[in-house]
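Structure, as structure tokens:
Chain letters run A, B, ... following the sequence lines, proteins first, then strands; residues in each count from 1.
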Amino acid sequence: MVSGEVIFVLGGAASGKSAFAETLFSDAQTPVYIASAQAFDAEMRAKIDRHIARRGSKWRTVEAPLDAAGAIEALGSADVCLFDCATLWLSNHLLSETYLAAEQARLLAAIRSCPARLVVVSNEVGMGVVPDNALARRFREAQGRLNIELATAADTVVHVVAGIPRVLKGALA
Amino acid sequence: MVSGEVIFVLGGAASGKSAFAETLFSDAQTPVYIASAQAFDAEMRAKIDRHIARRGSKWRTVEAPLDAAGAIEALGSADVCLFDCATLWLSNHLLSETYLAAEQARLLAAIRSCPARLVVVSNEVGMGVVPDNALARRFREAQGRLNIELATAADTVVHVVAGIPRVLKGALA
Amino acid sequence: MVSGEVIFVLGGAASGKSAFAETLFSDAQTPVYIASAQAFDAEMRAKIDRHIARRGSKWRTVEAPLDAAGAIEALGSADVCLFDCATLWLSNHLLSETYLAAEQARLLAAIRSCPARLVVVSNEVGMGVVPDNALARRFREAQGRLNIELATAADTVVHVVAGIPRVLKGALA
């Protein structure tokens, strides 16, 4: 990764996308982790704890369930950063009924102009049947559009299937 | 695209598959749009209107929620046509309780013998968990089988993920 | 396929993954079929019967809804075997409330040390929206982790989309 480079890592649930994204930081001294997860319940708490344990102590964690844009704007050119993940960020905004379009434009502008090396993780959620409820359909549409914008903003796009990364755009160093 | 060529564009919901398919018609003078969408509610109406606005005025639209085969049979060798999409066509037939097997055989025969250049768009719906209700499971199975048949009939198959096209069969000119 | 080789075939529902997997056995004299399906209802019975009819009479079927590990341990170096599929095996164990972690370790050890040529089929289930119910979410997580382990254990990994195989790891002979 080079300064200012953006890598977008996309994959299904439990596809190994976060584990793959973390391998991109094996040489980093003190990487920044922008965390969008909120521990509403025991299931999510357990998942967050598994991820924290896997990452280890060298990471500096910034909790940003809503203001990922602000956290990215605060990065300098010496930073290397993992934003995990855009799906929870989107979900938090949909549930908070914030003005998503403006927030998304701000997030994408922050990503595009970020001087740090940045890896963004997101979920593929559009390859199942149409969901029964309207919020899930709205989420699915919003996630699809966000993923397209993230892929457009990124230098490199990687799709992870069963733990195996495939480059869809650009190239991994 | 050459006369008689069939391109099959597959992707998840909001994956950018329709937008990609439309880029294949940038040089076409008066392309034909075979529309399978039916505006049952405001959500679908809004989506149809977004797509119409994006395509612009050079397109001639043929509404064919059920009889896509007839619309394709009516094409001549000078036509270039986008059929968007096989998923709504399938859904309309499942909801109408028409005799799907015969309709599908007719549609595929029309696609195979079509003298026009034809792009067919469809959804990938089989990569989520098993749906709760039987109709959704039946739809998922039927869509999977239809996609296999469309991919077999096509000269070129493109899978769109996060707006990025990947050729699975044949080649894009 | 060579003795001891493991090929992992992953795909969505009705993606053509089983039909593709069976093409790998076209030259086999008496292949072994390890079946994990259980005919609880008419829908599943019909699906099992379709698969049996497609495979034809040269196959020797071993019913192993839970003990796939035992069935794989019983294979010799002269055998060629199709295990279809890891998704139903996982589902059977989740519904039976067996100790999944131990069973999964045993299954993976059996696959890794198997002297036969072995093809394992599994479903991609993680690319839809988050399921409503907790069991479905647990299943989705467990399937994702199992698929990563199967892909790691395999020499060759193939993802099937609309009947089209794409090699993600290794190479098909």
Side-chain angles (χ1 to χ4, degrees), chain B residues 6-15 17 85-87 90 94 100-101 104 108 120-162 165-171, chain C residues 10-20 22-23 37 40-44 46-48 50-51 54 85 87-88 90-92 94-95 121-144 146-147 158-168:
Chain B
V6 176
I7 299 179
F8 178 45
V9 177
L10 181 69
S15 64
K17 60 190 182 306
C85 66
T87 298
L90 176 64
L94 284 175
L100 179 63
Q104 185 160 318
L108 284 156
V120 179
V121 173
S122 188
N123 276 60
E124 171 61 56
V125 304
M127 296 192 191
V129 296
V130 179
D132 285 335
N133 76 78
L135 179 61
R137 286 197 300 275
R138 195 179 147 217
F139 172 72
R140 190 170 81 141
E141 289 283 325
Q143 178 72 84
R145 287 197 293 271
L146 176 57
N147 285 346
I148 292 171
E149 294 207 58
L150 288 168
T152 304
D155 302 289
T156 307
V157 178
V158 181
H159 193 207
V160 179
V161 174
R166 296 177 302 158
V167 175
L168 301 185
K169 174 184 173 181
Chain C
L10 181 69
S15 64
K17 60 190 181 307
S18 292
F20 168 74
E22 289 164 22
T23 66
F40 289 120
D41 57 26
E43 186 178 331
M44 188 53 98
K47 186 167 184 180
I48 291 173
R50 275 205 312 276
H51 279 220
R54 186 178 61 199
C85 64
T87 298
L88 286 171
L90 176 64
S91 178
N92 293 339
L94 284 175
L95 294 172
V121 173
S122 187
N123 276 60
E124 171 61 55
V125 304
M127 297 192 190
V129 296
V130 179
D132 286 334
N133 77 78
L135 180 60
R137 286 197 299 276
R138 196 179 146 217
F139 172 72
R140 190 170 81 141
E141 289 283 325
Q143 177 72 83
L146 175 57
N147 285 345
V158 181
H159 193 207
V160 179
V161 174
I164 302 171
R166 296 176 302 158
V167 175
L168 301 185

*Checking heavy atoms, do the side chain of B:Leu10, its backbone, both or neither come under 4.5 Å from chain C?*
side chain
*Between C:Gly11, C:Gly12, C:Gly163, C:Ala13, which has the largest tally of heavy atom pairs under 4.5 Å with chain B?*
C:Ala13
*asked:* Within this structure, what is the CG-CG distance for the pair B:Asn147 and B:Leu90, rounded to the nearest 0.5 Å?
replied: 9.0 Å
*Within the distance-only criterion (no hydrogens, no angle test), does the side chain of B:Arg137 pair as donor or acceptor with the backbone N or O of B:Asp132 below 3.5 angstrom?*
yes
_Residues of residues 122-131 of chain B near chain C, each having a heavy atom less than 4.5 Å away_ = B:Glu124, B:Gly126, B:Met127, B:Gly128, B:Val129
_Nearest-0.5 Å distance, NZ of residue B:Lys17 to OG1 of residue B:Thr87_ = 7.0 Å
_With a 4.5 angstrom heavy-atom cut-off, is it the side chain or the backbone of C:Gln143 that approaches chain B, or both, or neither?_
neither
_B:Phe8 side, atom CZ; B:Glu149 side, atom CD - distance, nearest 0.5 Å_ = 11.0 Å
_Could you work out, with side-chain contact (heavy atoms from CB on, under 4.5 Å) as the rule, every residue matching B:Leu135, not counting sequence neighbours?_
B:Leu95, B:Asn133, B:Arg138
*For the side chain of B:Lys169 and the backbone of B:Ala151, is there at least one donor-acceptor N/O pair under 3.5 Å apart?*
yes
_Working note: C:Lys47 + C:Glu43, criterion salt bridge (Lys or Arg N to Asp or Glu O under 4.0 Å); need CA distance, chi angles, decisive distance, verdict._
CA-CA 6 Å; C:Lys47 186 167 184 180; C:Glu43 186 178 331; over 6 Å; no
